[in-house]
Amino acid sequence: MPAALHEWNLAPREARALQTQLAKRLELTDRLAPVEHIAGVDIGFEDGGDTTRAAVVVLKWDPATAPDLSVVEQVVHREPTRMPYIPGLLSFREIPAALGAFEQLSVRPELVMVDGQGIAHPRRLGVAAHLGLWLDLPTIGIAKSRLYGKHAEVGEQRGDWVPLYAGNDIIGAVLRSRANVKPVFVSPGHRITLGTSLAWVTRCLGGTKLPEPTRLADRLASRRDQRK
DNA sequence: GCGACAG
DNA sequence: ATCTTGTCGC
């Protein structure tokens, strides 16, 4: 049987066991090639959830104009939704479609920002971490809300952040990306540290809550701006 | 047993 | 995530 079929059509029990195994393969140290292109990934749904829409936006990294970055490529890929949303198993629902979008990409980014958690997950394998292993690329998870971990209250100033803990381990950061707005949850996915993750997210932040890569991918994956 | 729970 | 217009606030 095709490995891909095996990998994604798992019962919750098996999916959780696989996450525990895959998490052992994560590299939580920096192993990035010089960054020239950064991709943003997000998934949306249509037809009441029957169709999954994956959006990937590739931006050219330019420290001279950042956070204003030019879009060099963008792809939207649709396919039938294969499984429901189950807290903790999001990657099994979203990654197949995300991979479909990446296959259509002509540019291979050196860094990928994903809408969701990296290792800030019960078994340390949020969608960003899982996707990083599949793509073998550095990934950062930027979630709009918390899934796992404890933290103190974060300051009100833009840039303030507090660590996100799983026991004594720091698994991410709660970042005030913009004043007067709920903070975002940043966590490394694969081949990157939390410190480097925060540095890149901050560099890509332009007066908005989300960094440019995922902000633009969100817009593409969402239903309003980009219509059918 | 009772909550919590990315998107 | 998605269903959905106007409206309050910096």
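Order of the sequence lines fixes the chain letters, A, B, ..., with proteins taken first and strands second; residue numbering starts at 1 for each chain. Every heavy atom of this structure was used, including side-chain atoms; hydrogens, water molecules and symmetry mates were not.
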Worksheet item: What's the closest nucleotide to the A:N180 side chain, out of C:dC10, B:dG7, C:dT2?
Response: C:dC10
Worksheet entry | Single-linkage hydrophobic cluster, 4.5 Å side-chain cutoff, A:V181 and A:V184 together | no
Item to complete: Check every strand shown and say whether A:G88 touches a base, only sugar-phosphate, or nothing at a heavy-atom separation below 4.0 Å.
Response: base
Worksheet item: What's the CG-P distance between A:L89 and B:dG7, to the nearest Å?
Response: 15 Å
Item to complete: For A:M113 and B:dA6, give me the distance from atom CE to atom C1', rounded to whole Å.
Response: 18 Å
Item to complete: To the nearest Å, give me how far apart CZ (A:F92) and P (B:dA6) are.
Response: 17 Å
Fill in: Side-chain ion pair, A:E156 and A:R176, N-O less than 4.0 Å
yes
Fill in: Centroid under 5.5 Å and tilt under 30°, A:Y85 to B:dG7
yes
Worksheet entry | Pair A:F102 + A:H77: ring centers closer than 6.0 Å | no
Worksheet item: Starting at CD1 of A:I43 and ending at P of C:dT2, how long is that distance when rounded to a whole Å?
Response: 11 Å
Worksheet item: A:F45 has an atom CZ; how far is it from atom P of B:dA6, in whole Å?
Response: 13 Å
Worksheet item: Which nucleotide in the list B:dG7, B:dC5, C:dT2 gets nearest to the side chain of A:S222?
Response: C:dT2
Item to complete: Would you check if the side chain of A:S197 reaches a backbone N or O of A:T193 as a donor-acceptor pair within less than 3.5 Å?
Response: yes
Discussion item. Tell me the interatomic distance from A:D115, atom CG, to B:dG7, atom C1', rounded to whole angstroms.
Written reply: 7 Å
Item to complete: Give a yes/no answer on whether the side chain of A:K144 brings an N or O atom under 4.0 Å of OP1 or OP2 in B:dA6.
Response: no
Practice prompt. Rounded off to whole Å, could you give me the CZ-to-C1' distance for the A:R124 and B:dA6 pair?
Written response: 15 Å
Discussion item. Is the ring pair A:W134/A:W8 parallel, tilted or perpendicular, if the boundaries are 30 and 60 degrees?
Written reply: tilted
Discussion item. Nearest whole Å is fine: how far is B:dG7 P from A:E46 CD?
Written reply: 19 Å
Item to complete: From the options B:dA4, B:dG7, C:dC10, select the nucleotide whose nearest atom is closest to the side chain of A:S145.
Response: B:dG7
Discussion item. From C-beta outward on A:R146, which listed nucleotide comes closest to its side chain: B:dG7, B:dA4, B:dA6?
Written reply: B:dA4
